[in-house]
Amino acid sequence: MKRPVGTPLRDDFQLVREAVPDAPDGGMVVRNRFISLDPAQRGWMDDAPSYMPPIALGDPVRATTVGVVESSRNPDFRPGDWVLGLNAIEDFSVVLPGGFTSRINVGIVDRPSRYLSAVGAVGLTAYFGLLDAGQPQPGETLLVTGAAGAVGSMVGQIGKIMGMRVIGIAGGAEKCRRLVQDYGFDAAIDYKGKSQDDIAAEIAAAAPQGIDILFENVGGAVMDAAMLNLALHARVVLCGLISEYNSAQKVGMRNLWQVIVKQATIKGFLIAAYVPRFAEGGARIAQWIAEGKLRVDEDVQHGLDNAYDAFMRLFSGENTGKLVLEVD
Ligand code: NDP
């Protein structure tokens, strides 16, 4: 196995078979049932400064998982408990004492994988990213990039709940149709095959008064086009830059001068900073789902031996909703 350079290759990874370990003193073994596949994992594969240490070469790929406690020597968890934790792409994970794991109530969701999507990090990123970092006001205009994806589709819908005019940018006609018809966006722009100038012109046509909040998931030419359409005192929530994750050379933003022109604010957002408020956000999201105000799609792929192909769906844009690997 090796660290990917640019786009990850199949040969960068290995499927390794080992005996299932025993629970360590004070810890437990979790049988993973659903594994979250996230763009962030690509960053964790690089040996670069980040909010977490890089995945060590030879270690399994770090991932958030939902699973069932198989064996426990931790008095707070019993075999059979459903748990959410930061583990890895593997059948069984050893959770050491003090490792991040929390018990989840699968009785209140239609399927346990919801703890990786709607009421998991994705939903909470959309919730706190828009409401806390973005500070939306009714009547304002929101532009979401990567809009048909897991985070983006929820950001747009929460924007509508907040009374905003919502425009989404996504790749392809079918995703744009889904933005308007399935998620209730006011307008959708297909960026595929278009120049920065063309995308900027389409944003200008959809938002003649400018963009009050740019929720940025993508970066590159799409973000550059959006920056040319900021309204005065706009807020840019910098959530992700997926167009750069597989670039050995980072591209960066070319229209940064628009921040000065529009007296705008750029806020870097990291969901890990909101852990103490997860219960608050999760409850509000669950309520919106129960009221039929929020639709959350999952793209469930199957089998650990399919992990590489499944992961790459994030970068080809094939995923239709939160990408989850179900361990069969
Ligand atoms: P998505 O479900 O949105 O899947 C990724 C999508 O990105 C693809 O479907 C594709 O959609 C788009 N994409 C991929 N490559 C490119 C490219 N080169 N140019 C433009 N678009 C591209 O994933 P998530 O919802 O899980 O994540 C979305 C973003 O949110 C990511 O940037 C991620 O890093 C970020 N994030 C940040 C968090 C934080 O705390 N800051 C937490 C969680 C996520 P399309 O077909 O439209 O191109």
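Order of appearance sets the numbers: ligands from 1, and atoms from 1 within every ligand. Bear in mind that the values here come from a model prediction, so they are computed numbers and not experimental data. Values reported hereafter were calculated over all heavy atoms of this structure, with side chains retained and with hydrogens, waters and symmetry mates removed.
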Run through all N or O atoms in ligand 1 and write down each protein N or O closer than 3.5 Å, as a pair with its distance.
residue	atom	partner	partner atom	Å
ligand 1	2 (O)	A150	N	2.8
ligand 1	2 (O)	N319	ND2	2.8
ligand 1	4 (O)	N319	ND2	3.2
ligand 1	9 (O)	K175	NZ	3.2
ligand 1	9 (O)	N319	OD1	2.6
ligand 1	11 (O)	K175	NZ	3.3
ligand 1	21 (N)	Y191	OH	3.2
ligand 1	25 (O)	A150	N	3.3
ligand 1	25 (O)	V151	N	2.8
ligand 1	30 (O)	N217	OD1	3.3
ligand 1	32 (O)	N217	O	2.8
ligand 1	32 (O)	Y245	OH	3.3
ligand 1	34 (O)	Y245	OH	2.8
ligand 1	40 (O)	I271	N	2.8
ligand 1	41 (N)	C239	O	2.9
ligand 1	41 (N)	F269	O	2.8
ligand 1	46 (O)	K175	NZ	2.6
ligand 1	47 (O)	G171	N	2.8
ligand 1	48 (O)	Y191	OH	2.5

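- Sorted by first and then second residue, the ring pair (Phe, Tyr, Trp, His ring centres under 6.0 Å) pairs involving residues 226-264 (not counting sequence neighbours) form an empty list.
- Residues D186 and K160 are paired through a salt bridge, judged by an N-O separation under 4.0 Å between the basic side chain and the carboxylate.
- Under the rule for a ring-ring contact (aromatic ring centres under 6.0 Å, His included), F100 has no partner lying at least two apart in sequence or in another chain.
- With sequence neighbours excluded, the residues forming a side chain to side chain donor-acceptor pair (under 3.5 Å) with N87 are T65, listed by chain and number.
- Between F311 and F13, the distance from one ring center to the other does not fall under 6.0 angstrom.
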Report task. Start with the C-alpha distance between S93 and E90, add both sets of side-chain angles, then the distance that settles side-chain hydrogen bond (donor to acceptor under 3.5 Å, both in side chains), and finish with yes or no. Result -> CA-CA 7 Å; S93 292; E90 56 193 2; 2.6 Å; yes
